[in-house]
Structure formats: structure tokens, C-alpha cells
Amino acid sequence: MKVAAIVGSIRKDSYNLQLAKHVQKRYAGQFEVEILDLASLPMYNQDIELDAPQEVLDFKAKVKEADAVLWVTPEYNSTIPGVLGNAIDWLSRVDQVMHGKPSIIMGSSMGILGSVKAQMHLRDILFAGGLNSPVFGGNEVYVGAVHEKFDTEGNLTDEATNAFLDDVIAKFQEWVKPYIKQYA
Ligand SMILES: Cc1cc2nc3c(=O)[nH]c(=O)nc-3n(C[C@H](O)[C@H](O)[C@H](O)COP(=O)(O)O)c2cc1C
């Protein structure tokens with residue numbers, strides 16, 4: 001299975017990026033994760049959507065070829081960050097590459113709630129007509145107090161979180177099977 005990871009923070013030391021890299025590394029023997037670049041995406045503009053810049057075409061092509069999308073997001077002002085909304089706007093238009101493509105959502109924050117509101121909003125957004133993505137439910141991954149769970153090398157050292165992630169990922173891999181052509 002090929003998973004495209006879309007991270008809602010473009011800062012270099014992002015905890016959410018570290019979480020995406022952790023999933024990439026920890027489950028490398030089970031599926032392949034490619035972390036996509038949102039920093040190079042221009043702002044969505046309907047005037048140019050039919051003649052979109054190469055960065056947008058490349059981004060959408062990677063999402064299209066993935067079997068599933070892993071969204072890893074912080075919370076900004078009680079919702080998803082603008083960079084994530086911008087990426088979603090591009091994905092939702094023209095060839096609408098998210099249609100029918102399964103999603104799993106994770107997120108982290110330094111606060112105790114671990115991006116709950118952002119994830120709730122993202123789940124709703126993924127059900128919008130232009131996205132229409134089936135979202136893995138019932139196994140929400142909210143990594144609160146994230147700064148206490150990663151070491152300085154970017155390893156997620158909190159064993160309870162790792163055990164929880166193992167369980168969620170195992171269940172996700174079962175859930176996602178009917179959506180993936182190679183298993184059909
Ligand atoms: C503009 C801005 C708004 C934020 N709003 C929230 C918020 O509403 N809730 C929350 O838990 N954290 C909020 N934070 C704190 C982020 O959760 C924290 O900076 C987190 O580390 C960002 O994710 P990153 O490490 O992946 O960049 C905000 C941070 C910024 C920069």
C-alpha cells in the first residue's frame with residue numbers, strides 16, 4: 001500500500017512532521033509513506049485552476065497514485081492551518097483526485113487536547129463534495145503534550161503512544177483493504 005502523507009505544518013521542526021516521519025519509519029515494513037511538500041504550493045486561485053502551476057500538478061499526481069492519504073495536522077486558532085486548507089482547495093477541484101480515496105487523520109499539539117478541533121473540522125471537510133473521501137473513524141489519534149513525547153532526534157519515545165499507534169495502524173490496514181484496488 002502506498003500512503004501519501006499531507007502535513008498541516010511547513011515549519012522545519014514541526015511536531016506533526018515528526019509524527020508523519022515516525023509513522024513512515026515505524027511501519028516501513030507494512031506500507032510505504034511519502035510525505036508531500038505543501039510549502040511549494042501557490043495559493044489556490046480559481047482563475048488558474050485549469051492551467052495550474054507544475055507544483056500543483058505534481059502534488060495532485062502524487063495524491064492520485066496513492067492508495068490512501070494520511071493527514072497529520074496541528075490546530076491553528078481552533079481549526080486547520082491555512083496551508084492545509086489551501087492544499088485541500090487544490091485537491092477538491094478539476095480532476096478531484098480525492099474522490100473515493102480513503103483517509104486517516106492524526107494530529108498533535110503541545111496542549112492537552114492534541115488538535116481535537118482541527119481534526120473534527122478536517123473530517124467534515126473530507127466529506128465535502130469536492131473531496132468525498134471515506135475517513136477511518138473511531139480511532140482518533142490526538143497526540144497532546146507532543147513536546148514531551150519526542151526526543152531531540154525526532155523519535156517518538158512515549159511507549160503508550162506507540163502502543164496506541166500500533167493498534168490504530170493495524171485496524172486501519174484492515175479497514176482500508178476494500179478501498180484499495182490491489183486487494184480487490
Ligand atoms: C497561528 C497559531 C495558532 C495556534 N492555535 C492553536 C489552537 O487553536 N489550539 C492548539 O492546541 N494549539 C494552537 N497552536 C499551537 C500549535 O498547536 C503548536 O504551535 C504546534 O506545535 C504546531 O504544530 P507543529 O509543531 O507541527 O508546527 C497555534 C499555533 C499557531 C502558530
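Numbering starts at 1 and runs along the sequence shown. In listed order, ligands and their atoms are each counted from 1.
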Which N/O atoms of ligand 1 sit under 3.5 Å from a protein N/O, and at what distances?
| from | atom 1 | to | atom 2 | distance (Å) |
| --- | --- | --- | --- | --- |
| ligand 1 | 5 (N) | E75 | O | 3.3 |
| ligand 1 | 5 (N) | N77 | N | 2.8 |
| ligand 1 | 8 (O) | N77 | N | 3.1 |
| ligand 1 | 8 (O) | S78 | N | 2.8 |
| ligand 1 | 9 (N) | E75 | OE2 | 3.0 |
| ligand 1 | 14 (N) | E75 | O | 3.4 |
| ligand 1 | 23 (O) | N16 | ND2 | 3.3 |
| ligand 1 | 25 (O) | R11 | NE | 3.3 |
| ligand 1 | 25 (O) | R11 | NH2 | 2.8 |
| ligand 1 | 25 (O) | Y15 | N | 2.9 |
| ligand 1 | 26 (O) | S14 | OG | 2.5 |
| ligand 1 | 26 (O) | Y15 | N | 3.3 |
| ligand 1 | 26 (O) | N16 | N | 3.0 |
| ligand 1 | 26 (O) | N16 | ND2 | 2.7 |
| ligand 1 | 27 (O) | S9 | OG | 2.7 |
| ligand 1 | 27 (O) | R11 | NE | 2.7 |

Run the side-chain donor-acceptor check on residues 52-59: report pairs under 3.5 Å with partners two or more places apart or on a different chain.
| from | atom 1 | to | atom 2 | distance (Å) |
| --- | --- | --- | --- | --- |
| Q54 | NE2 | D58 | OD1 | 2.9 |

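Contact detail for V83 and S9: the closest heavy-atom pair is CG2-N, 4.5 Å.
Scanning for salt bridge (Lys or Arg N to Asp or Glu O under 4.0 Å) contacts around D37 gives an empty result, with sequence neighbours left out.
Looking at S133 and S103, their side chains come closer than 4.5 Å, going by heavy atoms from C-beta outward.
When atom types are taken as modelled, the side chain of Y27 and the backbone of D166 share a donor-acceptor pair closer than 3.5 angstrom.
Sorted by first and then second residue, the pairs that involve residues 113-145 and meet ring-ring contact (aromatic ring centres under 6.0 Å, His included), not counting sequence neighbours, are F136-F172, F136-W175.
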